[in-house]
Amino acid sequence: MRQILIVILIFNFSSIIGQNKSDDPNVRTDHVFNENIKTVQLFREEWNLSYPVISLKGDDKLTLHFDLLTNHAESFYYTFIHCDKDWKETGLFVPDYLDGFEENPVEDYDPSFNTTVSYYHYSLTFPNERIRFKVSGNYIIKVYEQGKADEPAFIKRFIITEDAGKISATAQRPRMAGENYNTHQQVDFKFNYNGLNLNDPFRNIYASVFQNGRWDAGKTNLKADFQGNNELEYSSLSDKSVFPGGNEFRYFDIKSIRYKTEYVRSVDFLVSNYNVYLQPSESREFKPYFYQQDFNGKYVIAFQEGRDPGTDGDYVYVYFTLPGKEIPAGKMYVAGAFNNWNLDKKNLMTYNANDARYECTILMKQGWYNYEYLFLKNGDTDAIRGPFEGNHYETENDYLIVIYYRNPRERYDRVLVTETVNTLNKIRD
């Protein structure tokens, strides 16, 4: 499995998800506003499991995919918003960060073929001949219907880096033995800025660390512990770079609906749709750690019997069941990259008292999926991984590290460099 470690706190037996989640309406986060839009993905061109990070001076591109579940196509446009390190709009004028047209149409779209659910599949690759980026930083792509720029269909985050400087990082069990020693992991890293003209790096450089590509669960605005020899060192004896290990993600495979795969109990065709019933999930809170390869919570669209998963893959109803006692004063959700780890009515589980289990049905496109169960306690804004998932220091995770630089004479936060470190073979040494 591959997971990415992001900032999380501990709440009794569980890890809190989305520690830095903000109620500030100015903070831009991944979200789909149009109920008819599904399966929004943004990744580096030709690598659908990558994180949406590209270099300002390189030739890398990002590819956006999404589906509109209707019988007729709509005209969509897109624009880009430059954000600061906290994902708030910087206020830069568009010509300051974009070279090209401010608004552009999404021109590549095709209807689904031979599917029970009709849809149009849209795709876009950028930078392109219409638009290029002039500065590094955090960015938002906003997609909207023609004439409705103030009503986004969805927004999605990505990062453009300067590839300036170098990050070296390690992952290990927490340095301070204690209650977290068997359940958590610690990320230590150094940033070498040799050759860069930076004004007071110790004061003006900030770091963020994200787990499994999750923007909603990260430790942000980290300051260095030490400075010397053109290097900033983030070596924590506190909890600022310590993360719950989590567990390997649960998964299922629905790239074909002609036969049952692992964790699929049955596939039925009812009325006009295919229905996939997964095997009942088991609680893993007190089970020993078991390694299995996964996608770090992500998913891959795939269709075994067709050529183009984008238009040939069907949408099916997937039934999740989680046996166990009802947990009072809270709600249970099915979550993963497939829904940006958002908690809403579409992935809310209901408790079936007669069968003593949580249940949920979600419309999903054919492919491979990772997911987990999150519990949101009444009155809280942060969900927790438990009591069904568990935390282990051995869990294989990725850490996405981002270095920001705020020049006092400039109006935005530059992204100097990013680095991803994986815990595989490191935590176990």
Side-chain angles (χ1 to χ4, degrees), residues 1-6 8-17 171-174 177-186 211-212 214 217 242-253 260-265 277-299 318-328 330-337 341 347 349 351-352 355-360 368-377 382-398 422-429:
M1 148 186 175
R2 298 196 52 182
Q3 299 168 254
I4 256 191
L5 238 61
I6 293 181
I8 302 169
L9 294 178
I10 299 301
F11 182 86
N12 293 333
F13 45 73
S14 309
S15 57
I16 293 180
I17 303 299
Q172 65 244 337
R173 298 172 82 168
E179 63 179 6
N180 298 334
Y181 190 65
N182 292 320
T183 59
H184 287 55
Q185 302 168 336
Q186 178 171 328
Q211 179 189 40
N212 302 327
R214 295 187 54 181
V242 175
F243 304 87
N247 211 331
E248 308 298 335
F249 281 91
R250 303 173 190 264
Y251 72 93
F252 59 91
D253 171 4
K260 295 187 298 182
T261 58
E262 187 178 13
Y263 297 115
V264 173
R265 184 180 62 187
Y277 298 87
L278 301 182
Q279 295 285 357
S281 300
E282 296 181 349
S283 173
R284 305 184 295 179
E285 181 186 4
F286 301 111
K287 288 190 175 184
Y289 172 75
F290 178 78
Y291 172 76
Q292 63 182 20
Q293 190 173 9
D294 69 4
F295 296 147
N296 300 330
K298 296 187 285 293
Y299 65 103
V318 180
Y319 291 77
F320 300 82
T321 57
L322 178 61
K325 294 182 180 180
E326 183 177 14
I327 303 176
K331 298 176 181 178
M332 190 72 68
Y333 294 86
V334 181
W341 276 274
N347 62 324
M349 306 192 80
Y351 191 74
N352 183 333
D355 295 329
R357 66 187 186 186
Y358 286 94
E359 302 173 335
C360 182
W368 289 283
Y369 285 85
N370 281 183
Y371 69 99
E372 63 182 348
Y373 294 109
L374 300 181
F375 183 75
L376 183 63
K377 192 174 182 180
D382 299 312
I384 58 176
R385 274 197 192 110
F388 293 98
E389 300 297 0
N391 287 292
H392 305 275
Y393 78 89
E394 303 101 324
T395 303
E396 183 256 321
N397 289 294
D398 288 328
N422 185 262
T423 64
L424 190 62
N425 299 323
K426 292 186 177 183
I427 291 297
R428 298 167 190 169
D429 287 346

* Asked: Quick check: are there more than 12 heavy atoms from other residues, nucleotides or ligands sitting under 6.0 Å from CD of E282?
  -> no

* Check the pair N347 / F320 against side chain to side chain contact (heavy atoms under 4.5 Å, CB included), numbers first and verdict last. => CA-CA 10 Å; N347 62 324; F320 300 82; over 6 Å; no

* Give, for atom CZ of F375 and atom NZ of K331, the distance between the pair rounded to the nearest 0.5 Å. => 10.5 Å

* Would you check, one step at a time, whether the test side chain to side chain contact (heavy atoms under 4.5 Å, CB included) holds for E372 with F388? => CA-CA 9 Å; E372 63 182 348; F388 293 98; over 6 Å; no

* Structure fact -> P174 and V242 have their tightest heavy-atom pair at CG-CG1, 4.2 Å

* To do: Using the test side-chain contact (heavy atoms from CB on, under 4.5 Å), find all partners of S281 that sit at least two apart in sequence or belong to another chain.
  => R250, L322, Y371, Y373

* Asked: Does the side chain to side chain donor-acceptor pair (under 3.5 Å) test come out yes or no for R173 and N180, once each step is laid out?
  -> CA-CA 9 Å; R173 298 172 82 168; N180 298 334; over 6 Å; no

* What closest approach, in Å, do N391 and P244 show between heavy atoms, and which atom pair accounts for it? -> OD1-CB, 3.4 Å

* To do: State, to 0.1 Å, how close C360 and M349 come at their nearest heavy-atom pair, and which atoms those are.
  => CB-CG, 3.7 Å

* Structure fact -> Exactly one of F286, F243, Y289 clears ring-ring contact (aromatic ring centres under 6.0 Å, His included) with H392, and that residue is Y289

* **Expected output: side-chain Q185 to main-chain T395 donor-acceptor under 3.5 Å** => yes

* Distance from Y291 atom OH to Q293 atom CD, nearest 0.5 Å? -> 5.0 Å

* **Distance, nearest 0.5 Å, that separates OH of Y358 from CE of M332** => 4.5 Å

* Asked: Just by modelled atom types, is the F249 backbone N or O under 3.5 Å from a matching donor or acceptor in the Q292 side chain?
  -> yes

* To do: Look up atom CD1 in I327 and atom CG in L376, then write down how far apart they are to the nearest 0.5 Å.
  => 11.5 Å

* **N422 side chain to N397 backbone, donor-acceptor under 3.5 Å** => yes

* Those residues that, when tested against D253, pass side-chain contact (heavy atoms from CB on, under 4.5 Å) (two or more places apart) -> K255, T261, W368

* Structure fact -> dist Y251:OH -> N370:CG (nearest 0.5 Å) comes out at 9.5 Å

* ring pair (Phe, Tyr, Trp, His ring centres under 6.0 Å) between Y369 and Y263: does it pass, once the steps are laid out? -> CA-CA 11 Å; Y369 285 85; Y263 297 115; over 10 Å; no

* State whether the side chain of T423 and the backbone N or O of A171 hold a donor-acceptor pair below 3.5 Å, judged by distance alone. => no

* Hey, what do you get for CZ (R284) to CD (E389), rounding to the nearest 0.5 Å? -> 4.5 Å

* Minimum heavy-atom separation for L374 to A335, with atom names? -> CD1-CB, 3.6 Å

